[in-house]
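Order of the sequence lines sets the chain letters (A, B, ...), proteins ahead of strands, with each chain counted from 1.
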Amino acid sequence: MSLNLKNNPLKSQDFSKNAITFARRYAYLKEDTARCTRCGACLQGCTSYKTLNMENFSPRGRVQLLQFLLERKIDLKENEEMLLKCINSCAQCGQCSEFCAVDLRIDNFIFDLKSFFAKATFRTKYFNFYHKYPSFLFFFFTFFKNIKQAKKEETKTLLLTSKEGLKFASSSLASLSDARVSKQSVYINEVLYQGDKDMLAFILKNLKKEINSLGKVRLVTDNIIIWRFLKKFHNFKKIELLSPTDKSLLQKNNFYVINNNSFKEKEENLFPCCLKSNFFVEFTQNLLHTPANRFWRSLSLEEEKLFASSLKKYEGKTLLALCAEDKVFYDRLKRKYKVKLDIFSLAQIINGNGKTK
Amino acid sequence: MMINNFYKAKKEIADLLGPQNVFCDSISLLLNGFDGSPVKSVPQAVLNITEAEKLWPLINLLIRYRIPYTARSCGTNHDGAAVPLKGGVILNLKPLNKIEKIDTKKGIVVVQCGVLNGDLQEALFEKGFFFAGDPASSAFCSIGANASLNSGGAKTLKYGSTLANVLAADLITAQGALMHLERGFQGPDLLSFLLKSEGTLCVISRLWLKILPLPKNKITLQVDFKTLEQAMTSVEKIIASGIVPSALEALDEVSLNTCGKEASLLIEIEEDAYLDKIKKICKENGVTDFIVAEQKQAQELWARRKTACSALARLNKTIISLDPCVARSDLTLAIKQIKKILADYQIQAGIVFHAGDGNIHPNIVFDSSNLYLNTQINKATKEIYKFISSIGGSISAEHGIGIEKRSAMALMYDEKTLNLMRQIKKTLDPLNLANPDKILPLATSSSKEPYQAKQQNIIALQEKVTQAKELKITESLLSQAKEIIELDKKNWLVKVQAGCLVSELESFLNKHNMSLPIDSAFKGTVGKAFADGSFKTMADYVTELEFILPSGEIYNIGGKMLKNVAGYDLIRFLCGSCGAYALITALTIRVFAKGTKEPLKANIQGSFRPATIHTALKKIFDPSNKFNKLEDFYVFELKKQPVEKPRF
């Protein structure tokens with residue numbers, strides 16, 4: 001049984017053809033991207049640029065990429081891998097738009113890129129498979145062959161981090177040999193906050209796919225929220241939380257844990273039982289409740305000042321950020337208003353960077 | 001794009017760097033072929049350099065296969081210095097971002113070239129120190145690029161430019177030699193000369209920088225004026241009264257985005273005693289607001305200054321930032337003329353400037369899709385450069401030349417000086433591989449009249465040099481030329497002929513309540529102090545130099561401006577050259593109010609032992625071996641000398 005490829009309506013789903021549909025759909029972005037002066041001010045905030053150290057993974061690079069895509073200068077068939085790498089490496093933290101000299105909303109551009117190509121890859125991979133192996137028998141044969149191969153292979157570790165946890169991912173990866181970062185997990189935090197259930201389902205589907213493709217996997221996370229979410233509500237029973245090497249450090253009185261206050265509220269609405277988990281109780285002795293990350297960006301200068309001044313009563317004490325985005329925000333406050341705080345992320349403590357303090 | 005052997009060499013490069021660090025896909029190529037300028041190009045490959053030690057074998061490999069290469073770290077240059085014009089290979093130096101050592105006792109920090117200036121400042125701030133090079137883009141530009149363009153920023157007036165704060169460097173020359181150069185080495189100042197070449201003579205891998213303790217007392221003043229002239233006259237008077245503020249910035253009407261006041265000064269001082277003096281001067285010149293800022297307010301003021309450029313960018317689609325530099329006394333004239341030119345062409349621009357250095361930044365805002373405006377702006381910038389070079393200023397103070405200002409070099413230098421620079425590039429990089437086709441104009445010949453000596457005694461010297469077959473350069477040769485040509489009280493500069501004794505010059509200056517930046521107890525002439533290497537860092541205070549080459553031709557480089565990064569830094573190269581390359585006839589030196597500056601002390605460790613790079617340069621300056629011979633210098637025993645590793 002074979003398909004007539006000439007008249008096949010599915011043929012238009014070829015990945016390289018996406019360039020045309022993309023250029024047509026987002027043609028209105030042309031004027032905006034042309035405003036980029038390539039001054040490089042956005043580089044100072046970008047976490048992916050600072051870890052990967054290449055223009056491909058910088059906000060300025062991504063805006064240029066968008067421009068080239070709109071001009072159809074890039075052949076997608078050859079460059080699919082690199083394109084997805086460029087787009088997916090972005091943690092969507094929004095720092096670039098904050099620093100942008102001409103007030104471009106770079107994070108919005110990247111959201112467009114991401115949502116378009118996430119769907120496109122899913123579609124094309126499925127349909128490419130359909131083109132290649134029209135016979136269902138052959139399909140099942142290859143499917144089981146893959147499973148057999150996967151069983152033979154050794155176990156691999158997959159690290160699930162949050163958005164800006166990517167910044168510290170390289171340091172936490174150092175303690176794990178042969179580990180890789182899951183791309184899908186990066187959005188979980190954000191989508192959980194937004195409460196978009198469709199998107200969550202989409203991500204979970206992709207995450208399961210990613211895990212299946214690796215064969216034997218050891219799942220590891222350094223983010224308490226991801227850990228809680230996956231373990232409690234989605235039957236990822238084997239997921240491990242990287243535990244700090246020195247637990248006594250955390251129980252000391254001068255250690256404060258930063259917790260996203262409104263995140264918690266939202267979470268309570270979504271999943272009423274999550275706060276009862278045991279792990280959380282260990283940390284709750286010293287909790288510092290703070291507003292959520294989305295709220296920070298809308299803070300006015302005066303409000304920010306007030307917030308910084310209220311932090312001064314914690315001077316001399318050590319804070320632990322559960323969510324890596326918190327760390328980035330507090331670091332900025334620390335620098336701007338000269339508050340003497342020591343802030344660590346979980347990943348840093350795991351590697352013993354926080355030991356000296 | 002040039003056809004070359006990249007694909008033959010690709011396997012060897014991948015073996016050396018690891019295949020994961022070689023990028024040939026079209027996305028990487030498109031995204032690494034630009035910088036902050038409007039110019040774009042496409043390289044053949046992007047190489048990620050993750051270890052500094054691999055740079056040397058890599059560059060030798062590139063030379064062996066004749067592949068052009070361009071170093072690039074953050075790509076925030078305004079003039080296209082990081083654009084790969086001839087294709088070839090991009091060396092991505094951003095992964096070299098380690099601060100290797102901070103030694104607060106000796107005041108030295110060792111950094112790799114890709115470290116961000118802002119990151120370094122932050123790391124030093126925790127220890128109570130700072131680094132003097134501080135451009136407005138410090139949060140996103142790398143230290144290596146700052147050194148290779150000598151971009152100084154606001155603090156140049158007091159602490160000197162970036163190059164004055166570089167103590168040593170590891171670099172790979174365009175001939176493929178790995179060199180460790182220190183400022184203390186005898187002989188010509190190769191360190192500064194090679195560093196400040198925008199990557200056309202060398203690639204930097206590691207830098208040793210001087211760091212200073214944070215000033216205990218810092219006062220920031222905001223001073224508003226009704227007219228720009230009032231502001232400028234008070235700047236002139238502040239400088240003329242001998243005050244050296246650590247920063248003296250100015251913003252104009254457009255960049256302030258206010259009506260009613262035309263100009264505002266931002267002054268930072270570290271001594272309390274200056275405060276009353278400045279207040280008095282400003283009051284005499286019609287100040288409207290005089291605010292001594294508190295700590296928080298001061299931070300806001302500086303943030304406003306540093307983001308002025310980006311605030312302007314919001315007015316229209318694109319922005320071009322120029323950076324001419326003139327003598328401080330010409331500031332008012334220059335700004336008026338620039339404003340007039342811009343108004344003639346109906347171009348919107350905000351002017352921000354480092355008033356203390358005489359460095360002007362006209363930021364032109366325009367719609368880049370409008371072709372007519374593009375041509376208008378090209379005409380206007382050309383006219384601005386023409387005017388700047390006609391009053392003896394420099395076309396670039398900190399951004400560098402790159403591609404954008406290449407043709408304007410022909411306005412600033414005469415043909416023979418340009419040819420000298422061309423020859424330097426040709427001999428140190430015969431294959432034209434290191435950042436090719438930058439800095440020097442390719443086709444345009446200079447319209448400037450060749451420089452000629454004005455004094456009779458210099459003309460006589462010139463004749464003597466042309467006629468002689470061999471000439472030993474000593475102090476006695478210049479015994480006739482010891483005039484003090486000019487004392488510029490407004491700009492705090494003195495122009496003297498090289499035969500003048502240091503003690504004589506000092507006593508002359510003392511009458512005017514001024515003093516030299518070098519030790520007045522030095523026995524000898526000014527020319528000797530400059531050329532024999534007694535004061536290795538004297539070149540930081542010399543703004544203009546006149547010298548005769550063995551062919552009898554006379555050259556004049558620099559002017560009355562404090563910042564100048566146009567072309568190769570010949571002033572620094574000739575400092576400590578021991579008469580082997582040129583006969584120095586006149587210098588313009590910065591002077592200071594008596595008792596405010598600690599003079600440099602003389603220390604001679606012996607003469608220098610020339611390396612191959614010295615002999616190569618000797619062939620350009622002195623092909624007939626007429627002046628002091630390099631062979632003579634081998635006699636002395638020395639402590640430290642540059643070490644050149646053999647070529648591959």
Side-chain angles (χ1 to χ4, degrees), chain A residues 30-32 34-46 49-69 71 73-87 99-104 301 305 308-309 331 334-338 340, chain B residues 21 23-38 40 46 48-50 72-78 90 92-97 114 116 118-119 122 125 137-141 295-296 299-300 303 307 309-321 365 367-369:
Chain A
K30 251 185 190 176
E31 268 193 18
D32 279 350
R35 270 175 60 217
C36 174
T37 54
R38 300 200 291 272
C39 65
C42 49
L43 301 180
Q44 58 189 305
C46 186
Y49 180 61
K50 279 183 182 172
T51 45
L52 297 166
N53 289 317
M54 216 181 157
E55 192 72 51
N56 295 14
F57 313 113
S58 74
R60 178 172 62 169
R62 291 186 192 108
V63 172
Q64 294 302 312
L65 177 68
L66 180 58
Q67 211 171 346
F68 289 132
L69 279 173
E71 289 166 9
K73 275 186 183 171
I74 291 171
D75 181 8
L76 286 189
K77 212 169 192 178
E78 288 172 10
N79 299 305
E80 183 188 339
E81 201 183 325
M82 195 55 179
L83 176 85
L84 294 177
K85 222 178 181 177
C86 292
I87 299 168
F99 287 111
C100 181
V102 285
D103 274 347
L104 285 181
L301 251 180
K305 268 182 206 169
S309 64
D331 272 341
K334 191 177 125 188
R335 243 177 288 145
K336 203 170 175 186
Y337 297 101
K338 292 181 184 161
K340 286 171 191 169
Chain B
N21 289 326
F23 295 86
C24 294
D25 57 299
S26 57
I27 290 185
S28 306
L29 302 186
L30 281 170
L31 295 189
N32 283 276
F34 61 80
D35 60 5
S37 66
K40 278 183 193 175
V46 183
N48 261 359
I49 286 138
T50 47
R72 180 185 196 276
S73 49
C74 296
T76 52
N77 184 275
H78 282 288
I90 285 269
N92 183 18
L93 300 173
K94 180 78 207 333
L96 299 178
N97 55 1
L116 295 185
D119 285 354
E122 223 168 80
F125 184 82
S137 61
S138 62
F140 48 94
C141 62
Q295 208 177 28
K296 277 182 189 174
Q299 277 176 1
E300 271 171 36
T307 54
C309 187
S310 44
L312 278 170
R314 279 164 207 176
L315 295 177
N316 212 325
K317 276 186 180 170
T318 40
I319 185 164
I320 293 180
S321 181
V365 221
D367 182 356
S368 55
S369 57

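Here the straight-line distance linking atom CD1 of I319(B) with atom SG of C39(A) works out to 9.0 Å at 0.5 Å rounding. Rounded to the nearest 0.5 Å, atoms CZ (R38(A)) and CZ (F34(B)) are 6.5 Å apart. For the atom pair L116(B) CG and K50(A) NZ, the distance stands at 6.5 Å (nearest 0.5 Å). Between N97(B) atom CG and N53(A) atom CG the span is 5.0 Å, to the nearest 0.5 Å. Between the CG atom of L52(A) and the CG atom of N48(B) there is a distance of 9.5 Å, given to the nearest 0.5 Å. Rounding to the nearest 0.5 Å places CZ of F23(B) at 5.0 Å from CE of M82(A).
Under the rule for a side chain to side chain donor-acceptor pair (under 3.5 Å), T37(A) has no partner lying at least two apart in sequence or in another chain. Residues satisfying the side chain to side chain donor-acceptor pair (under 3.5 Å) criterion with N77(B), sequence neighbours excluded, are absent altogether.
Contact tally against chain A (heavy-atom pairs below 4.5 Å) for D119(B), D367(B), L30(B): the top residue is L30(B). By number of non-hydrogen pairs under 4.5 angstrom with chain A, the leading residue of Q295(B), K296(B), K94(B) is K94(B). Contact count versus chain B (heavy atoms, under 4.5 Å) is highest, among K73(A), M54(A), E31(A), Q44(A), for M54(A).
In this structure, K338(A) forms no cation-pi arrangement with F125(B), as its terminal cationic atom is not both closer than 6.0 Å to the ring centre and no more than 45° off the ring axis.
For the pair I27(B)/F68(A), no side-chain contact is recorded, criterion being any heavy-atom separation below 4.5 Å from C-beta on.
Contacts between E78(A) and chain B at a heavy-atom distance below 4.5 Å are absent for every atom of the residue. With a 4.5 Å cut-off on non-hydrogen atoms, S73(B) touches chain A through its backbone but not through its side chain. Looking at S321(B), neither its backbone nor its side chain comes within 4.5 Å of chain A, counting heavy atoms on both sides. Looking at N92(B), only its side chain comes within 4.5 Å of chain A, counting heavy atoms on both sides. Heavy atoms closer than 4.5 Å to chain B are found in both the backbone and the side chain of L65(A). For C100(A), the part lying under 4.5 angstrom from a heavy atom of chain B is the backbone only.
In terms of heavy-atom proximity, S26(B) sits nearest to N79(A) at OG-ND2, 2.6 Å. Across all non-hydrogen atoms, the minimal contact from R60(A) to D35(B) is NH1-C, 4.4 Å. Shown here for E55(A) and C74(B), the closest heavy-atom pair between the two residues is OE1-O, 3.8 Å. T76(B) approaches G40(A) most closely through the heavy-atom pair CG2-CA, 4.1 Å.
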